[in-house]
A.B. asks: 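One structure, as structure tokens, below. Some questions next.
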Amino acid sequence: MAAEEGGQRVDQYTQDGTVDLKGNPVLRSKRGGWTACSFVVVYEVFERMAYYGISSNLVLYLTKKLHQGTVTSANNVTNWVGTIWITPILGAYVADAHLGRYWTFLIASIIYLSGMSVLTLAVSLPSLKPPPCRDPHVENCKKASPLHLAVFYGALYTLAIGTGGTKPNISTIGADQFDDFDPKEKNQKLSFFNWWMFSIFFGTLFANTVLVYIQDNVGWTLGYGLPTLGLLISVIIFLAGTPFYRHKVPTGSPFTRMAKVIVAAVRKWTVTLPSDPKELHELNLEDYTKKGKFRIDSTPTLRFLNKAAVKTGSNSPWKLCAVTQVEETKQMIRMVPILVATFVPSIMIAQVNTLFVKQGTTLDRAVGSFKIPPASLSGFVTLSMLVSVVLYDRFFVKIMQKLTKNPRGITLLQRMTIGMLFHIIIMVIASLTERYRLNLAKEHGVVENGGQVPITILILLPQFVLMGTADAFLEVAKIEFFYDQAPESMKSLGTSYSMTTLGMGNFLSSFLLSTVSHITKKHGHKGWILNNLNASHLDYYYAFFAVLNALNFIFFLVMTKMYVYKAEISDSIKVLTEELRETTYKPSNKEES
């Protein structure tokens, strides 16, 4: 019979160390689960609407209102987006080491709102932007003053600091609402990241259609004011769910813990490892359970780091580390090659709101009497993603479960592999489409004057639609992979890995765009990327990306072959796997009888 505590059965409390804001154990029936997650998911819908309401059309604002050229505007967008996705490392550190996810998120939300508010003022007040210019050659227009740029970019980067605290923690807070030690909740958690991405792209769809249309046809004041209002609403929704949330207690700096292991292992470079792992230094099980942590057994991978746990007489934390601490460090290091392999696909994602949108400005945007805003094509990425995620979760997973007996259907790395394959196909199609567009530009004599190419903007649809399908495989699996494979005490940091890859992808996009533009202009050549896209060679640039994706795909396959998944902290996955096997065998048993 289960023991009782305060009139409640102990097995009714969560077993994963989650507590309420006061640090008390929480009842499974009172907090967490999909009830708590519903607030987090709805928050994400409104927050993503706010973020993409700014980022989707930013390249056109920089071009049309701040009068920047193609390379400059595209690089300014990718540098900013890169910062957006790099700062979560800082937010994850603060959450895991000091404030916890909830309070880090709230403080960052205030900073986020401040940046959005100032940005709305920057696009609204005439004194904070250069005078309008209708000259198609932006180099002839009056440039933005240092004051204009300081206010505009100051607001953008304040916003970036705010998202650094919200992004790694909000999805982690959502995942924390499911107890890994309860098979039913573990099963719900396997679907959480699919529906999490569904909520992201639902908000994105509104931004890429309604908000982009308002910005292009009504005005930037309302176009930026609505996202700011949306962000405020999202924070209020999150706060409304406070009584239902489960929380993980901060466990100290993950960077310091990992540094101690590495330093201790290097210091004991010449020490011989014992043949029996049980001879390595480890704390008592009680030392972990009373802190809500989990002990991890020693593994043979990255054996050099095991030297940090060899007993040599010194008890200094920089000379002797527990086996669990060593294994946590290994888990974070093992993910690094996978992290690096996802940089190249992230470069492709960066093209959606930069060069893909710029391509759209050169084409016929009329559909009847309606004119499609170029940035609205990003909405097809969203629609494709929404449809793909639902089909994946409701049909693909169920079919694959019967074949593989894996509760996820296929492994996370297999799902990422399919997404990477899509990225190769996307860039091949983008290159061929651009070549066709350039040939039409020559035929109709609009190369030099940069005029509109007489073909519908909808020819760009395949590359946008396939990008959404690729995201359904790669981006969803990437978030879940880095969360799932991170140690229990470093979940926010693990989640930040998935955002770091997007940040690095954007920075690398800026680097490649500038480098390729510079190199291809040498020796009297016109160059591949010019302000006038009709005189450019984006087809060559996209072909280069296709080759880069193919090489990266091979690298990724090698890394996945070498990767060792971490051991599960509970037997929930085993239970779910056994249930799948039983449902498979039951019909055949009936037939035999």
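FYI, side chains are in, hydrogens and waters are out, and symmetry mates aren't considered; it's all heavy atoms of this structure.
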A.B. asks: Any idea which heavy atoms bring Leu99 and Ile107 closest together, and the distance?
C.D. replies: CD1-CD1, 3.8 Å
A.B. asks: Any non-hydrogen side-chain atom of Met335 less than 4.5 Å from a side-chain atom of Gln331?
C.D. replies: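 No, side chains not in contact.
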A.B. asks: In terms of relative ring orientation, are Trp269 and Phe304 parallel, tilted or perpendicular, with 30° and 60° separating the classes?
C.D. replies: perpendicular
A.B. asks: Is a salt bridge present between Asp393 and Lys398, judged by a nitrogen-to-oxygen distance below 4.0 Å?
C.D. replies: no
A.B. asks: Kindly confirm or rule out a cation-pi arrangement of Arg415 over Tyr392, judged by NZ or CZ under 6.0 Å from the six-membered ring centre and within 45° of its axis?
C.D. replies: yes
A.B. asks: What closest approach, in Å, do Phe39 and Ile237 show between heavy atoms, and which atom pair accounts for it?
C.D. replies: CD2-O, 3.5 Å
A.B. asks: Mark yes when over 12 heavy atoms from residues, nucleotides or ligands other than Asn315 sit less than 6.0 Å from its CG; otherwise mark no.
C.D. replies: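 No, because the 6.0 Å sphere around CG of Asn315 holds 12 heavy atoms or fewer from other groups.
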A.B. asks: Would Phe343 and Phe555 count as a close aromatic pair, with their ring centres under 6.0 Å?
C.D. replies: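 So the answer is no for these two rings.
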A.B. asks: Evaluate Phe507 against Thr83 for side chain to side chain contact (heavy atoms under 4.5 Å, CB included), listing each step before the verdict.
C.D. replies: CA-CA 8 Å; Phe507 287 131; Thr83 305; 3.7 Å; yes
A.B. asks: Kindly determine whether Met416 and Ile338 satisfy side chain to side chain contact (heavy atoms under 4.5 Å, CB included), including the steps that lead there.
C.D. replies: CA-CA 10 Å; Met416 291 167 71; Ile338 304 297; 3.9 Å; yes
A.B. asks: To the nearest 0.5 Å, how far apart are CG in Leu320 and NE2 in His281?
C.D. replies: 4.5 Å
A.B. asks: Describe, in one word, how the ring planes of Phe178 and Phe192 are oriented to each other, choosing from parallel (under 30°), tilted (30 to 60°) and perpendicular (over 60°).
C.D. replies: tilted
A.B. asks: Apply side chain to side chain contact (heavy atoms under 4.5 Å, CB included) to Lys330 and Asn306, showing your working.
C.D. replies: CA-CA 9 Å; Lys330 285 183 184 181; Asn306 288 349; 2.7 Å; yes
A.B. asks: Which heavy-atom pair separates Tyr157 from Asn79 by the least distance, and what is that distance?
C.D. replies: OH-C, 3.7 Å
A.B. asks: Here's a test for you: under side-chain hydrogen bond (donor to acceptor under 3.5 Å, both in side chains), which of Lys189, Arg408, Gln485 qualifies with Glu480?
C.D. replies: Arg408
A.B. asks: Dump the intermediate steps for side chain to side chain contact (heavy atoms under 4.5 Å, CB included) on Leu474 and Met420, then the final yes or no.
C.D. replies: CA-CA 7 Å; Leu474 179 56; Met420 289 196 172; 4.3 Å; yes
A.B. asks: Given Ser234, which partner from the list Glu44, Glu47, Arg48 fulfils the side chain to side chain contact (heavy atoms under 4.5 Å, CB included) test?
C.D. replies: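 Exactly one pass, corresponding to Glu47.
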A.B. asks: First locate atom CZ of Phe473, then atom CE of Met385, and finally report the distance between them rounded to the nearest 0.5 Å.
C.D. replies: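 The CZ atom of Phe473 sits 10.5 Å away from the CE atom of Met385.
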A.B. asks: Are Asp176 and Lys491 close enough for a salt bridge, meaning some N to O gap below 4.0 Å?
C.D. replies: no
A.B. asks: Flag the pair Phe556 / Tyr563 as yes when their ring centroid distance falls below 6.0 Å, and as no otherwise.
C.D. replies: no
